[in-house]
**Student:** 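Before anything else, here's the structure in question.
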Amino acid sequence: MVFCMDGNKNCNINDAAGLRLWIISKNAAISPYYYAPDFYEKCCPDKQRGLFLSITKKIAAVFGDASETE
């Protein structure tokens, strides 16, 4: 469940996809995941989610996935 730090915002959906990004280095592997990140970033911006979206959109642009860059 996603909560907005601003209690006045009503950000809630139950039928969206999530995004996961695997980042693997020599010393670690992390896998950040966000449920409906575009929706929640518009409704209730968050610094980490915004960074996550920025990275995933840049990767999608490099690999030519037009649906992620629009």
Side-chain angles (χ1 to χ4, degrees):
M1 178 156 256
V2 178
F3 294 101
C4 186
M5 296 306 287
D6 180 352
N8 296 323
K9 299 259 182 157
N10 186 15
C11 300
N12 187 22
I13 57 173
N14 296 311
D15 61 350
L19 289 178
R20 179 177 308 276
L21 176 65
W22 281 93
I23 303 168
I24 303 170
S25 73
K26 183 177 179 179
N27 299 319
I30 62 170
S31 178
Y33 172 83
Y34 288 93
Y35 176 73
D38 288 311
F39 171 81
Y40 284 107
E41 188 59 21
K42 289 175 187 167
C43 186
C44 183
D46 174 76
K47 183 178 179 181
Q48 292 298 313
R49 186 186 313 110
L51 178 61
F52 176 85
L53 282 170
S54 172
I55 292 168
T56 57
K57 288 181 180 189
K58 287 177 183 176
I59 291 171
V62 168
F63 288 99
D65 185 358
S67 65
E68 290 294 323
T69 58
E70 294 177 355

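Starting from 1, each residue takes its place in the sequence as its number.
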**Student:** Using side-chain contact (heavy atoms from CB on, under 4.5 Å) as the criterion, list what pairs up with I24, not counting sequence neighbours.
**Tutor:** A29

**Student:** If you group Ile, Leu, Val, Met, Phe, Trp and Tyr by side-chain heavy-atom gaps below 4.5 Å, do W22 and L19 land in one group?
**Tutor:** no

**Student:** Output, in order, the C-alpha distance, side-chain angles, deciding distance and verdict of side-chain contact (heavy atoms from CB on, under 4.5 Å) for Q48 and Y34.
**Tutor:** CA-CA 10 Å; Q48 292 298 313; Y34 288 93; 3.5 Å; yes

**Student:** What pairs with I13 under side-chain contact (heavy atoms from CB on, under 4.5 Å), at least two apart in sequence or on another chain?
**Tutor:** D15, A16, Y35, A36, F39, Y40

**Student:** Let's go through R49 and D38 carefully: what are the C-alpha distance in whole Å and the side-chain angles of both, what is the deciding distance for salt bridge (Lys or Arg N to Asp or Glu O under 4.0 Å) to 0.1 Å, and is it a yes or a no?
**Tutor:** CA-CA 9 Å; R49 186 186 313 110; D38 288 311; over 6 Å; no

**Student:** Side-chain heavy atoms nearer than 4.5 Å, only ILVMFWY residues, links allowed to pass through others: does that put I59 and I23 together?
**Tutor:** yes

**Student:** Please report the closest heavy-atom contact between F52 and L21, naming both atoms and the distance.
**Tutor:** CE1-CB, 3.7 Å

**Student:** At their closest point, which heavy atom of G18 faces which heavy atom of Y33, and how far apart are they?
**Tutor:** CA-OH, 3.4 Å

**Student:** Taking the side chain as every heavy atom from C-beta outward, state whether P45 and E41 have any atom pair closer than 4.5 Å.
**Tutor:** yes

**Student:** Looking at every heavy atom in both T56 and L53, which two are closest together, and how far apart are they?
**Tutor:** OG1-O, 3.1 Å

**Student:** Please round to the nearest 0.5 Å and tell me the distance separating atom NZ of K58 and atom CZ of F63.
**Tutor:** 15.0 Å

**Student:** Just by distance, do the side chain of S54 and the backbone of G50 share a donor-acceptor pair under 3.5 Å?
**Tutor:** no

